Amino acid sequence: MTLEVESRKETLAEDGLPVEELVVNVGPSHPSTHGVCRVIVHLDGEIVTRAEPVIGYLHRGIEKMCENRTYLQVVPLTDRLDYVGSMYANWAYCRAVERLAGIRVPERAEYLRVIVCEMQRIASHMMSLGSAAADTGAATMFIYAFDERETIVELFEDLCGARLTYNYVRPGGVSFDIPEGWTDRLLEFCRTHRVALREMDKLWFGNVIARGRMKGIGVLAADDAVAWGASGPVARGSGVNWDLRKHDPYSVYPRFDFDIPTGSAGDVYDRARVRLYECYESCRIIEQAVAQMPGGPIKAEGLQRLIAPRPGDAYDHIESARGSLGVYIVSEGGPRPHRVKFRSPAFCNLALLPLIAEGHMLSDLVVCLGSLDPVFGEVDR
Amino acid sequence: MNITELRDHLCEQHPDLCPLFSIEFGDGVLSVSCDKLYEAASGLRDLGFDRLGMATAVDRGETFEVVYRLTSRSMSVGIFLKCHVPRDAPKTNSLFPLWPAALWQEREIFDMFGIDFEGHPDMRRILLPDDWVGHPLRRDYTDDRMIRRPDYI
Amino acid sequence: MAFVDRLGEILSEGGQGGIILTSIDALADWSRGKSLWAMPMGTACCAMELIAASFAKFDFDRHGSFPRPDPRHTDVMVVAGTITRKMAPAVKRLYEQMPEPKWVIAMGNCAVSGGIFFYDSYSVIRGVDEFLPVDVYIAGCPPRPESLQDAVLRLRELISTESIAPGVKHERTLSLPRSGDVSFGVRPGSAEEGDAE
Amino acid sequence: MSGLLGGIVFGLVGGVAIALSTMVGVYGERKIAAKIQRRFGPQETGPYGLLQLPADTLKMILKEDITPRQADARIFKIAPYFVFVPIAMGLVVIPVAAGWAALDSSIGILFFLAVPSLSVLGILIAGWSSGNTYATIGGMRGAAQMISYELPRTLSVLAVVILAGSLRPVDVVQAWRWWWIPLNFIGIVVYYISSIAELNRGPFDIPESESELVAGYFADYAGIRWGIFMMSEYGGMLAASLFGAAIFLGTLTWLPGPFGIITFLLGTGVIGSSMIWVKWTFPRMRPDQLMTTAWKVLTPLALVQLVIVGVVVPWL
């Protein structure tokens, strides 16, 4: 396989001189593609006339691998899907398995799942905001945001022993109960995190250059967002009020009081704002969940190691940091799934890149790509 | 709206689709034949299913089952749309004209299963390199470079 | 570079330049070892730990090693993450774009051996050493940033054996673990049992 | 003959000064950036990491010197010097003590403004000869940016020239009065901003923007040739800070006689560090925003400053 780009288009300018289109190959290893994405950019001067994402550089065939593993052995694979938010894929997969096998999850486990997923949302949004800032050259903002993420990662490490690939949510419950003093540290984090968020708000959204770089760039209309299957902050930034936690409630989310921040302009700025406000909301949910958390077991009683559900297919989805993450499992009765499909939000959101980047400058292309917040483990699977 | 209300609503609006509707694991499933897929899909879109959440396929031996998951924002309900295409001539209509979201998802199905979608504007491989041979998610896919995991259980 | 190579050749051919050569080598190896700029070839999960390694908490800059996205300015390629068949030509090309002398750190199980994707995957390359000369391997899925720091220190030891003269290797004690080492996990008394297993 | 000898001596001294200032600059940049980012920065090599930069420099000299196949080899190889030499030449006219400059020219200020900006040629040919799309775009951006910011920078210096009534930097230093700072405040700000832009440093580093063009016009340079680009950047920073401290702030006259050099070096350090501070605080601008800032904000402001000075001068 070669890395050649398709032939350049030659046109004639008004004065009859031949003008050649400039084709720039961004990626697959580029500092601001957030992984291994390749974008073939056709430029007219600095203006992007066409941007075509080429994905699949991290396609590992996880869906094929799932077919040869038992239901429990698939869980570690789901960690590697969305490596910025491993908990989501864990949970979505486990929900689908539980639906298929009819497993009832104890309430405490549900609360723990909500807490870790909201923590993961903060961690993921910090990564997204930070790397979007780094795309415009603000490395310091990235480091400040990453510091917040680092605190959450430490908390996760104390909870389940891993910094990144947690394998925490299992079919029927979660793997570990919370250690002593953990909730206090979590609540302390929520308090300091709000301060840090305000600081970042001032440093990043209050900066005149940053506003100039984000406002009016990569505008996505609400209709387009719905039709193209966008979800998560990308859709909510355009004013599409669609959040599975609220509109298709799952787990114990109906018991919490929280808001869904939405944007109006649908530009990069609004998408980033939505992410920032979601961090505040996540803090609220965490505090409520910690206060309400009941005692009891963290794993379903009498669960067998080898889950072999009856034939059928089940789909379940949760709201991940990037949008609605769905898992579709087909069982033919054996101990291994017949087919597992991960509906990844980043994959659908990334398809919007040609739509929102066209007509902007090359500098804006990386900002647009960053605002879609793709994680290529999830896009390519 | 729950799933039974959806069934009643569907039967009211599209009586021809009513007998194809069933409920599995709490989800509504509409199984149609593949030449009717496009009409059924446009009917569902008119009913208020404005989002194409997921498109995928399942290898069922003799046939491939093409599965679409549609979601309605106004009704807060999801539905499966399924059809079977024969393995020897995998071909069906693209839903790209109805939901642009199908653009990449159907490309992925083509890449992984080799199902051809008529009316799709850009039917190329998406995840694998263009010169890849075979469609990996078919159950009979073989590859010399693939090492099968030993069966411990 | 050319001048340095010629100098190395002259010094080693004459046979007289032992002391001069070793002094120059010591200086060259010191500068190369202390200023290992990394080409962050982060593809998957390990990339997150690679980022964390150079950020506030772990701060790679302390060791004089910081990431540059441009292969031409870097000394060591850190392959962090799964490399697929589609990605491999790009990685190879980036490696070729780096100027000599250059080193490769394979970070994480995927880069070492394919890791969790060893079985059943049709597109993953089982270890970057299939197409790159790897100097240091780090195990872990993903390894902690401290492991990466350790790898940089190990790489520094490896560099300290190198010479600008062709074919010359300095004998320096490497602190790499050997079998029988306590730190290797096998107690001296129980070596045979360990082997039998 | 003595002129030639003097030239060689000045050349050597200047070269060493730039090399040293580059090391101090890069060390300072890494340390200050680290402090801003809650890190430590170089720490391990030598005490406080002071030997980090010698190690980096030696490593860069020992690196392979790559000329890409698609590059225009001859031009590619000399392009770094085209950037470096004009910037080094600009240093000679800067007064380093009250009443003394290495080259005491009667058109010194004109020389300082005109000669270093010739490095735009080096940037352009470096970008073009690399035969790389990123480098070409970077070179084009660099050329457009440097030529645009030439204007507000020159106009801002002109205000001082009118006040001093001379183009000779030594005369300007001697004529300097403390109330020039408040009077010339807009000019100082314009000079500061346009100097940063002239040096292609953040937040105006669009020719080498790391997240878009990977490294811009020097994307294909390896080893010490890239080091020369770095040296030009820090040499330019040194020149701009020295010039600003001498001409705009008049730090050479803050203390009597030869002691003025202390305040002068301090002032230079403050200006240089603040450039680093700005770079690590602000995000990068977009090319069109950059042009807007040059032509629609800074140039009119510099003209306003000129008018203010022009009105005040007859009353002095």
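Quick note: numbers below take in every heavy atom, side chains included, and nothing from hydrogens, waters or symmetry partners. The chains referred to below are lettered A, B, ... by the order of the sequence lines, with proteins before strands, and numbering in each begins at 1. Keep in mind the model is a prediction, meaning the values are calculated, not measured.
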| field | OH/Y48(D): more than 12 non-hydrogen atoms of other groups inside 6.0 Å | value | no
| Does D59(C) reach the main-chain N or O of R39(D) with its side chain, forming a donor-acceptor pair under 3.5 Å? | no
| message | Can a donor-acceptor pair be found, under 3.5 Å and without considering hydrogens, that links the side chain of Q52(D) to the backbone of R62(C)? | response | no
| request: Tell me, for F55(C) versus chain D, whether the close heavy atoms (under 4.5 Å) come from the side chain, the backbone, both or neither. | output: backbone
| Is the number of heavy atoms from other residues, nucleotides or ligands under 6.0 Å of Y27(D) OH greater than 12? | yes
| query | What class does the angle between the rings of H73(C) and F218(D) fall in, given that below 30° is parallel, 30 to 60° is tilted and above 60° is perpendicular? | reply | tilted
| For Q37(D), is it the side chain, the backbone, both, or neither that has a heavy atom closer than 4.5 Å to a heavy atom of chain C? | backbone
| task | Would you mind reporting whether P101(C) and K63(D) have side-chain heavy atoms less than 4.5 Å apart? | result | yes
| said: Any non-hydrogen side-chain atom of L51(D) less than 4.5 Å from a side-chain atom of W30(C)? | reply: yes
| request: Might you point out which heavy atoms bring S31(C) and A55(D) nearest each other, and give the distance in Å? | output: CB-O, 3.4 Å
| query | A219(D) versus chain C, heavy atoms under 4.5 Å apart: side chain, backbone, both or neither? | reply | both
| query | Side chain, backbone, both or neither: which part of I66(D) has a heavy atom under 4.5 Å from chain C? | reply | side chain
| field | Any side-chain heavy-atom pair of E44(D) and H63(C) under 4.5 Å | value | yes
| Any side-chain donor-acceptor pair under 3.5 Å between S35(C) and K59(D)? | yes
| Value rounded to 0.5 Å, distance of CZ in R32(C) from CG in L58(D) | 8.5 Å
| request: Return yes when atom NZ of K77(D) has more than 12 non-hydrogen atoms of other residues, nucleotides or ligands closer than 6.0 Å, and no otherwise. | output: no
| CG-CG distance between L62(D) and L27(C), expressed to the nearest 0.5 angstrom | 8.0 Å
| Under 6.0 Å from the CH2 atom of W103(C), do we count more than 12 heavy atoms belonging to anything else shown? | yes
